There are 2 protein chains.
Amino acid sequence: MTKSTDSDEAGHAKRYHHGNLVEALITATVEIIEERGAEHVSVREAAKRAGVSPGAPFRHFRSKTALLTAVAEQAMDRLTEAVAKAQSKIGSADPIEAFEAIGQGYLEWAITNPTHFQIISSRTLIDFEASDSLRHQNEAIRRRMIDLLTQAQQHGRLAPDIDFDHLVLAARALVYGLARMALDGHFREWHPSEPPALAAQRALRLFMSRMTILSKA
Amino acid sequence: MTKSTDSDEAGHAKRYHHGNLVEALITATVEIIEERGAEHVSVREAAKRAGVSPGAPFRHFRSKTALLTAVAEQAMDRLTEAVAKAQSKIGSADPIEAFEAIGQGYLEWAITNPTHFQIISSRTLIDFEASDSLRHQNEAIRRRMIDLLTQAQQHGRLAPDIDFDHLVLAARALVYGLARMALDGHFREWHPSEPPALAAQRALRLFMSRMTILSKA
DNA sequence: GTTGCGATGTAAACATTGATTACATACGCA
DNA sequence: TGCGTATGTAATCAATGTTTACATCGCAAC
């Protein structure tokens, strides 16, 4: 059978202008990260998958780093969304429960989406400082955590002798550490009957239970 | 001034055989990681710094990954040494104190030597599974942590209702998370008056104090 | 409609990189 | 002394990031 025009994999007619190259490049890049890891992304490969010439990506991204940063921004949007959803899911207004929900939402998302989490947490492949979106969303989550713990402290739900700043630091480090351990394959030696995501959840639960005071209700 | 022979930067006569190329390449690679990050190491650059042709490194390392893995092995040796020293430094035989000393030694080393820690914790640039040395030393530290907590439990120094496996996981995640946060620049927003290494120490101290029971002595 | 301009693509080129191959040299042991 | 093998060089290859000159399309103004 003959075709009047060339076509790409999806069967669309191959036009000179792609129409949605930015999105296509980001999608292709995510695919490559899934297959080979973020360190082994190549712009040319992404261009090829988008059905476009090697130079085309540079019309939209100043550099390879800029492309990867765009991927990170998309990923951060999804993380923020997942964290928000985890918070709204628990009806409770209890600040401790809300705080833990952030951690659980973060953890679940990071473990379920290792590809996206990998690109977010990398600071050598992307230009974190140059992206307002990345910095602001990161800061927003951090501030929300501090707010919730401040509320908890005011309600007498934290041990009075506890150092507030270092508790926040420990909580963030615990969640971040669990997520990165999952990503870096540190769970390979874990009990096979308990999935990593569940183990991480329980470690966080343990931490919260020892650091906080149960509500009187 | 005239020289009878060519010489390298250090002034040694340039011989056809380098004499200690393996070490020189590892050293050069560490330098490059310090300057540009582990992702941007190039074998050719390492060869140039060692005063040798671009193909020479491949006589000693099958691939770029193998070179980076060798760097990781050297780094892991030093980490093991630092952890051992931190343990011997505290005279106490108290298992809880020994456990915390491991964490503090690990943390201090990782924060003081970000370059070496970076290459150890990367799992996409090196071939962790292929290196007996890396796997064994990693496993040794992990086993030592479990041993110490087991002893602590037997001496009644852990809360009886605590889940042992998840405590070990949380402890490891906390230390690993703190180390990676320092490496990834997450401490930039921290109080300038308290250095990151100290803040991390205190977060770990807080964790330990809430998870364990004070000795009667 | 036609025109024309800016946005978006292509093709070709360049320097750099990881890796291989054929050849050169020198160390150390018989 | 002589020779084999470990270790180096030089040349080469394909892949990559990025730039430049040119081609094509989309769309607003006339």
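The model shown is predicted, which means the values in this text are computed figures rather than measured ones. We name chains A, B, ... by the order of the sequence lines, and we start the count at 1 in each one.
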With sequence neighbours left out, the residues meeting side chain to side chain contact (heavy atoms under 4.5 Å, CB included) with A/His191 are A/Ser193

Atom-pair distance ([atom1] on [X]; [atom2] on [N]), nearest Å:
| X | N | atom1 | atom2 | result |
| --- | --- | --- | --- | --- |
| B/Asp127 | C/dG18 | CG | P | 17 Å |
| A/Ile32 | D/dG17 | CD1 | C1' | 14 Å |
| B/Asn20 | D/dG8 | CG | C1' | 15 Å |
| B/Lys48 | C/dG18 | NZ | P | 11 Å |
| A/Leu21 | C/dG9 | CG | C1' | 9 Å |
| B/His40 | C/dT16 | NE2 | C1' | 13 Å |
| B/Arg44 | D/dA10 | CZ | C1' | 11 Å |

I'd like to know if the side chain of [X] and the backbone of [Y] have a donor-acceptor N/O pair within less than 3.5 Å.
| X | Y | value |
| --- | --- | --- |
| B/Ser122 | B/Gln118 | no |
| A/His186 | A/Ala182 | no |
| A/Thr69 | A/Asp127 | yes |

Q.
Taking the basic N atoms (NZ, or NE/NH1/NH2) and the acidic carboxylate oxygens, is any pair closer than 4.0 Å for B/Glu129 and A/Arg188?
A. yes

Residue set satisfying salt bridge (Lys or Arg N to Asp or Glu O under 4.0 Å) with B/Glu31, at least two apart, ordered chain then number -> B/Arg49

For DNA chain D, the expected dot-bracket line (Watson-Crick or G-U under 3.5 Å, [ ] crossing, | inter-strand) is ||||||||||||||||||||||||||||||

Ordered by number, residues from residues 24-31 of chain A within less than 4.0 Å of DNA chain D (heavy atoms) are none

So which atom in [X] and which in [Y] form the shortest heavy-atom distance, rounded to 0.1 Å?
| X | Y | answer |
| --- | --- | --- |
| A/Pro57 | A/Pro54 | CD-O, 3.4 Å |
| B/Ile126 | B/Ile120 | CD1-O, 4.0 Å |
| A/Leu125 | B/Glu39 | CD2-CG, 4.0 Å |

Report, one line per pair, each donor and acceptor closer than 3.5 Å where one atom sits in a side chain of residues 138-147 of chain A; sequence neighbours left out.
residue, atom, partner, partner atom, Å
A/Glu139, OE1, A/Arg142, NH1, 2.9
A/Glu139, OE2, A/Arg142, NH1, 2.7
A/Arg144, NH2, A/Gln87, OE1, 3.3

(message) For B/Glu100 and B/Gln104, which I'm curious about, is there any donor-acceptor pair between the side chains at under 3.5 Å?
(response) yes

Contact check, residues 53-75 of chain A vs DNA chain C, heavy-atom distance under 4.0 Å, returns A/Ser53, A/Ala56, A/Arg59, A/His60

Base, sugar-phosphate, or nothing for A/Val41, non-hydrogen atoms under 4.0 angstrom? sugar-phosphate

